[in-house]
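Shown next, in structure tokens, is the structure this report addresses.
Atoms within a ligand are numbered from 1 in the order they appear, just like the ligands themselves. Model, not experiment: these values are computed from the prediction.
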Amino acid sequence: MMSIDTTCTVTGQKPPSAADLPSIQAAATGTPLMTAASPAKGAGRAGGHTHIWLVTGPAGCGKTSVAEHLANALNMPYIEGDSFHTPANVDKMRSGIPLTDADRWDWLTALREESMRQINEGRTGVVLTCSALKRKYRDVIRVAAYYDHHLLIHFIYLDASEELLLQRVTKRQGHYMGANMVHSQLDILERPSPNETDVITIDVSRSLGEVQQDALERVVDMMGSDHDNQ
Ligand SMILES: Nc1ncnc2c1ncn2[C@@H]1O[C@H](COP(=O)(O)OP(=O)(O)O)[C@@H](O)[C@H]1O
Ligand SMILES: O=C(O)[C@H](O)[C@@H](O)[C@H](O)[C@H](O)COP(=O)(O)O
């Protein structure tokens with residue numbers, strides 16, 4: 001278990017600027033986003049906005065696998081939500097006891113604050129993982145935009161059946177969340193509703209490579225349209 005202030009920076013390199021978007025787009029889709037004839041309109045940051053990309057869903061849906069891919073491709077820091085739990089929360093989950101709302105509030109706030117801290121240090125965006133099972137948990141992260149009006153928050157919800165989640169959690173080695181926790185997570189899950197317009201839903205029943213590619217294309221598209229709208 002890593003300490004509460006541990007943040008995983010996958011690449012340790014500088015985050016992408018607007019000027020980097022064409023090469024990310026090309027890598028994701030084979031189609032350049034901008035050409036020399038359509039130069040970046042915003043300086044430094046794409047569209048003048050910064051971004052939190054929050055990869056969500058129950059245990060085993062693929063949050064870590066997708067978030068690492070996005071962080072690497074976008075050259076953004078990766079904040080692994082599991083690393084921010086208190087030891088008491090981890091002990092509870094390891095014993096097969098689901099967390100309560102009260103156990104989760106400080107954790108969610110810590111994730112929001114860490115994301116904002118990294119963005120305030122000059123990052124264009126961060127990629128964060130957190131199950132964010134209920135709407136009110138997602139709302140805790142959404143509060144970040146209240147503090148920083150240039151910040152856009154996006155959720156990538158990884159959609160999987162219980163059967164698939166069980167298969168994938170069972171395959172995973174050495175994690176405190178066992179397969180016995182999956183059902184309790186689905187019991188409280190509030191799938192994003194259509195009026196949560198900041199959510200991209202991705203079907204993860206496909207291969208990991210396909211899911212990663214789809215997620216990256218969707219992210220690059222959104223950053224591209226945000227940039228074009230400035
Ligand atoms: N689309 C996929 N196809 C096959 N295996 C996957 C896929 N996504 C994730 N996995 C595997 O399932 C397990 C759980 O994935 P992980 O990224 O740890 O999920 P989470 O972080 O949401 O708990 C890992 O062993 C991972 O390699
Ligand atoms: O990757 C996973 O196995 C899960 O995401 C897991 O780590 C856990 O779900 C959360 O960290 C916190 O718990 P809740 O999902 O119960 O809020």
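Distances from atom 1 (O) of ligand 2 to the heavy atoms of Q185, M177, R172 put R172 nearest.
Atoms of ligand 2 lying under 4.0 Å from any heavy atom of H85, numbered from 1 in the order shown and given with element: 10 (C), 11 (O), 12 (C). Within ligand 2, counting atoms from 1 as listed, the ones closer than 4.0 Å to a heavy atom of R104 are 14 (P), 16 (O), 17 (O).
Ring planes of H150 and H49: tilted class, angle from 30 to 60°.
Residue A145 comes nearest to I153 through the heavy atom pair N-CD1, 3.5 Å, listed as atom of the first residue, atom of the second, then distance.
Heavy atoms of M181 stay at 4.0 angstrom or farther from ligand 2.
Side-chain N/O atoms of D82 and H175 include a donor and acceptor closer than 3.5 Å.
A 4.5 Å side-chain heavy-atom check between L216 and L70 finds at least one atom pair inside the cut-off.
In this structure, ligand 1 sits under 4.0 Å from heavy atoms belonging to P58, A59, G60, C61, G62, K63, T64, S65, R168, K171, R172, V204, R206, S207, L208, V211.
On a distance-only criterion, W107 and ligand 2 share no N/O pair closer than 3.5 Å.
Under the rule for a side chain to side chain donor-acceptor pair (under 3.5 Å), the partners of T64 that lie at least two apart in sequence or sit in another chain are E80.
Two rings, from Y137 and W105, have their centers less than 6.0 Å apart.
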